[in-house]
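Computed over heavy atoms, backbone and side chain alike; hydrogens, waters and symmetry mates excluded. By convention in this document, chain letters (A, B, ...) are assigned in the order of the sequence lines, proteins followed by strands, and residues within each chain are numbered from 1.
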Number of protein chains: 2
Amino acid sequence: MNMWMEQFNQFILKTGLRHSQQREQVARIFFSTTTHIGIEELFKKVQKINSKIGIATVYRTLNLLVESGLAQKRNFDTGAVTYEPTPVKHHDHLICTQCQEVVEFHHEKIEELQEGIAKSYKYELQFHKMELYGICSKCRLLKKK
Amino acid sequence: MNMWMEQFNQFILKTGLRHSQQREQVARIFFSTTTHIGIEELFKKVQKINSKIGIATVYRTLNLLVESGLAQKRNFDTGAVTYEPTPVKHHDHLICTQCQEVVEFHHEKIEELQEGIAKSYKYELQFHKMELYGICSKCRLLKKK
DNA sequence: ATGGGTGCAAAGCGTTTGCAACCGG
DNA sequence: CCGGTTGCAAACGCTTTGCACCCAT
């Protein structure tokens with residue numbers, strides 16, 4: 001997490017921006033969340049630390065984090081918008097549609113094939129998202145009972 | 001495509017709604033698109049057929065189509081919102097992060113591997129979502145100039 | 001001190017909704 | 001006719017922006 005803040009501050013310097021209390025506070029709280037977080041939720045957490053901070057600053061900082069590549073924005077098909085720290089090592093997700101359990105996995109062969117697909121359409125691949133939805137073994141057993 | 005309209009009209013009857021010129025026109029044009037379409041784009045197409053139609057009707061009809069299960073809404077991480085007729089055969093997406101162009105593809109080998117991954121975690125795979133984000137050749141050329 | 005950062009409120013933008021007129025059954 | 005549907009414009013919710021003041025450098 002200090003690693004995140006270090007990278008963030010490096011980015012700020014490199015881009016010729018300035019360090020500020022607010023950016024520090026927002027980023028710190030953002031990186032302390034282990035999972036996805038929505039703007040309103042982050043804003044509330046931030047206000048507990050510094051009630052003077054406006055939501056505009058949260059938006060601005062989050063946009064900075066995305067620009068720096070340290071955070072990723074996710075627009076789910078439900079309409080929910082959340083942000084998450086960019087995963088250190090890429091992984092995909094296997095999600096149980098019953099109990100919501102999430103398993104992370106990495107499959108080199110698939111990554112290669114994706115690269116090949118992008119290439120065949122003359123796309124320069126930047127990142128991807130793969131989500132497998134299914135029913136985990138525990139839930140499958142429960143269903144049968 | 002007539003199949004789509006038939007199903008749509010069945011849904012309308014079943015739900016106790018009414019048939020109308022506008023719904024017919026919007027749905028017809030929507031189903032005549034082979035790929036993803038955004039609301040503004042659909043609205044423009046609709047207006048060429050019937051300039052009296054308001055955008056509110058396009059929104060309302062699209063929502064109906066989603067409720068009926070005949071269309072799907074996609075919120076890509078670029079922020080683009082598009083709709084597509086519910087795919088008869090599954091496919092995945094390749095999205096340009098610059099111009100938002102969407103290419104559909106299907107890769108049997110990857111599907112097999114996904115099945116294998118699910119199995120190795122003892123998940124019963126139901127469906128999945130794979131989105132590759134990159135820069136298309138047109139945008140890559142523009143950038144270099 | 002200089003110019004970027006902040007908070008506030010206003011503006012934007014895409015989407016939904018209230019309403020009177022309209023039209024399908 | 002009756003009540004659902006439409007077009008319009010206003011309302012909405014989320015996000016961005018203009019501005020005067022503040023603060024890091």
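For B:K52 and C:dC22, the NZ to C1' distance is 14 Å, given to the nearest whole Å. Remark: C1' of D:dT16 and CZ of A:F43 are 15 Å apart, rounded to the nearest angstrom. Summarising the geometry, the separation between CG on A:L62 and C1' on C:dG5 is reported as 17 Å, rounded to the nearest angstrom. Atom CG of A:L64 and atom C1' of D:dT15 are 15 Å apart (whole Å). Between the C1' atom of C:dC19 and the CZ atom of B:R60 lies a distance of 11 Å, rounded to the nearest Å. One atom, CD of A:Q47, and another, P of C:dC8, lie 9 Å apart when rounded to the nearest Å. Nucleotide D:dT5 holds its P atom 15 Å from the CD1 atom of B:I53, rounded to whole Å.
Taking every heavy atom of residues 13-25 of chain A and every atom of DNA chain C, pairs under 4.0 Å involve A:L17, A:R18, A:S20, A:Q22, A:R23, by number.
More than 12 heavy-atom neighbours from other residues, nucleotides or ligands sit within 6.0 angstrom of CD on B:Q126.
With the nearest nucleotide of DNA chain C identified for both A:A56 and B:I55, A:A56 has the one nearer the 5' end.
Out of D:dT17, C:dG18, D:dT16, the shortest distance to the side chain of A:N63 is found at D:dT16.
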Step by step, work out the side-chain hydrogen bond (donor to acceptor under 3.5 Å, both in side chains) result for A:E24 and A:H19.
-> CA-CA 7 Å; A:E24 179 86 17; A:H19 178 269; 2.8 Å; yes
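The side-chain hydrogen bond (donor to acceptor under 3.5 Å, both in side chains) with B:D77 is formed by just one residue from the set A:K73, A:Q72, A:K129; it is A:K129.
Within the 3.5 Å criterion, the main-chain N or O of B:V58 finds no donor-acceptor partner in the side chain of B:T61. In this structure a side-chain-to-backbone donor-acceptor pair under 3.5 Å is missing from B:S51 to B:Q47.
Under the 6.0 Å cut-off for aromatic ring centres, A:H93 and A:Y133 do not qualify, their centroids lying 6.0 Å or more apart.
For B:Y59 and C:dT15, the shortest distance from a side-chain N or O to OP1 or OP2 is below 4.0 Å.
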